[in-house]
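Worksheet: one structure, shown below.
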Amino acid sequence: NEKGIDVMLDMFDRFMAAGKEFVVFMATALEQAVQPTRDRIKAADYILQIPPSIYAQELMRSADFLVQLSDQESYCYSVREALQVKTPCIVSDIPELRKLIQDGENGYVLKKDLSNLDVEKIFTKKLKLKAYTEEVDPIWGKVLEGEL
């Protein structure tokens, strides 16, 4: 599916196969997921599903990673929000996310087939991030002030 849930679950399977211990806080509604994907999530005792909420953002501050393995993104707020609080990200190798993530510096960029997944590096290398900021085009100030 476009949000990469199945790829993410495959990545978690590889973590488990490598004997890693971890917990996933999955902030999502699963209405759009197909039943086999829902079943995989429910069967994974390391996944705690929480409803989408503005309060879920607070989890990012203490998370080791935000995982965003979408097939496509036009802007991707969640990755920007994570980077703002210095949380590294594991993302898909797609143009929008390559603009934000420098592999091995502020996160990891994974191919869809996970052929470049390095489980040991994800679990052992500590990434040091600077808080992310983004310039806002001045035209938006004019829009908000009603000048345009």
Side-chain angles (χ1 to χ4, degrees), residues 1-137 140 143-144:
N1 85 28
E2 76 162 52
K3 288 299 178 186
I5 292 175
D6 289 311
V7 175
M8 181 178 60
L9 293 172
D10 291 345
M11 180 180 72
F12 298 152
D13 286 347
R14 293 199 188 179
F15 291 172
M16 294 295 288
K20 302 301 180 184
E21 292 183 5
F22 60 99
V23 65
V24 174
F25 293 96
M26 186 178 287
T28 186
L30 292 174
E31 286 83 16
Q32 296 178 355
V34 295
Q35 193 61 49
T37 299
R38 290 182 194 186
D39 293 342
R40 281 180 77 186
I41 291 167
K42 289 179 181 167
D45 58 1
Y46 56 85
I47 295 178
L48 301 172
Q49 186 184 354
I50 59 174
S53 160
I54 59 168
Y55 302 109
Q57 292 176 348
E58 289 305 312
L59 286 172
M60 287 187 212
R61 293 184 193 285
S62 59
D64 292 318
F65 292 97
L66 174 105
V67 178
Q68 175 57 277
L69 296 176
S70 298
D71 287 345
Q72 56 191 332
E73 288 288 339
S74 61
Y75 184 76
C76 199
Y77 286 104
S78 63
V79 169
R80 285 172 167 84
E81 289 171 336
L83 294 174
Q84 286 174 349
V85 295
K86 302 180 186 178
T87 298
C89 301
I90 299 173
V91 302
S92 307
D93 189 6
I94 58 174
E96 179 60 22
L97 299 178
R98 280 193 306 267
K99 289 179 193 176
L100 301 169
I101 303 300
Q102 292 73 47
D103 194 67
E105 292 180 30
N106 63 347
Y108 298 104
V109 179
L110 299 181
K111 296 180 181 183
K112 186 172 179 134
D113 65 1
L114 300 176
S115 60
N116 65 330
L117 174 65
D118 186 333
V119 175
E120 289 304 317
K121 186 166 45 173
I122 288 171
F123 277 83
T124 60
K125 184 178 178 184
K126 294 294 180 199
L127 302 177
K128 302 287 185 193
L129 280 69
K130 296 178 188 170
Y132 173 83
T133 59
E134 187 172 314
E135 292 283 325
V136 177
D137 192 315
W140 290 110
V143 170
L144 293 172

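- Classification of the Phe12-Tyr46 ring pair by plane angle, with boundaries at 30° and 60°, yields perpendicular.
- For Gln35, the CD atom sits in a packed shell: over 12 heavy atoms of surrounding residues, nucleotides or ligands are nearer than 6.0 Å.
- You'll find the side chain of Asp10 reaches within 4.5 Å of the side chain of Arg40, heavy atoms only.
- Between the CG atom of Leu66 and the OG1 atom of Thr87 there is a distance of 8.0 Å, given to the nearest 0.5 Å.
- One finds the CE atom of Met26 at 4.0 Å from the CD1 atom of Ile47 (value rounded to the nearest 0.5 Å).
- Between Ile41 and the options Val24, Thr28, Leu30, a side-chain contact (heavy atoms from CB on, under 4.5 Å) holds for only Leu30.
- Within a 6.0 Å radius of OH in Tyr75, other residues, nucleotides and ligands contribute more than 12 heavy atoms.
- The stretch residues 112-136 participates, sequence neighbours left out, in these ring pair (Phe, Tyr, Trp, His ring centres under 6.0 Å) pairs: Phe15-Phe123.
- In this structure the side chain of Cys89 reaches within 4.5 angstrom of the side chain of Leu83, judged on heavy atoms.
- Atom CG of Leu127 is separated from atom CG of Leu129 by 6.5 Å, given to the nearest 0.5 angstrom.
- Residue pairs meeting the salt bridge (Lys or Arg N to Asp or Glu O under 4.0 Å) criterion with at least one member in residues 117-129, sequence neighbours excluded, are Lys20-Glu120.
- We find the CZ-CG distance between Arg14 and Leu117 to be 6.0 Å, quoted to the nearest 0.5 Å.
- For Asp137, the side chain to side chain contact (heavy atoms under 4.5 Å, CB included) partners are Ile139, Trp140, not counting sequence neighbours.
- Inter-residue side-chain proximity for Tyr108 and Ile122 is flagged as met; some heavy-atom pair is nearer than 4.5 Å.
- Rounded to the nearest 0.5 angstrom, Lys130 NZ and Glu105 CD are separated by 10.0 Å.
- A salt bridge (Lys or Arg N to Asp or Glu O under 4.0 Å) check over residues 46-61, counting only residues at least two apart or in different chains, returns the pairs Glu58-Arg61.
- Using a 4.5 Å heavy-atom threshold, the side chains of Gln84 and Met60 count as separate.
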Please tabulate, for the side chains in residues 90-98, all donor-acceptor contacts under 3.5 angstrom to protein atoms that are two or more places apart in sequence or on a different chain.
unit_1: Ser92; atom_1: OG; unit_2: Leu69; atom_2: O; d: 3.1
unit_1: Ser92; atom_1: OG; unit_2: Ser70; atom_2: N; d: 3.0
unit_1: Ser92; atom_1: OG; unit_2: Ser70; atom_2: O; d: 2.6
unit_1: Asp93; atom_1: OD1; unit_2: Arg98; atom_2: NH1; d: 2.5
unit_1: Glu96; atom_1: OE1; unit_2: Lys99; atom_2: NZ; d: 3.1
unit_1: Glu96; atom_1: OE2; unit_2: Arg80; atom_2: NH1; d: 3.0
unit_1: Glu96; atom_1: OE2; unit_2: Arg80; atom_2: NH2; d: 2.9
unit_1: Arg98; atom_1: NH1; unit_2: Asp93; atom_2: O; d: 3.2

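- Every pair tested for salt bridge (Lys or Arg N to Asp or Glu O under 4.0 Å) that includes a residue from residues 82-92 fails, sequence neighbours excluded, so the list is empty.
- Between the side chain of Asn116 and the backbone N or O of Val109 there is at least one donor-acceptor pair closer than 3.5 Å.
- Distance alone, capped at 3.5 Å, is enough to place a donor-acceptor pair between the Asn106 side chain and the Leu100 backbone.
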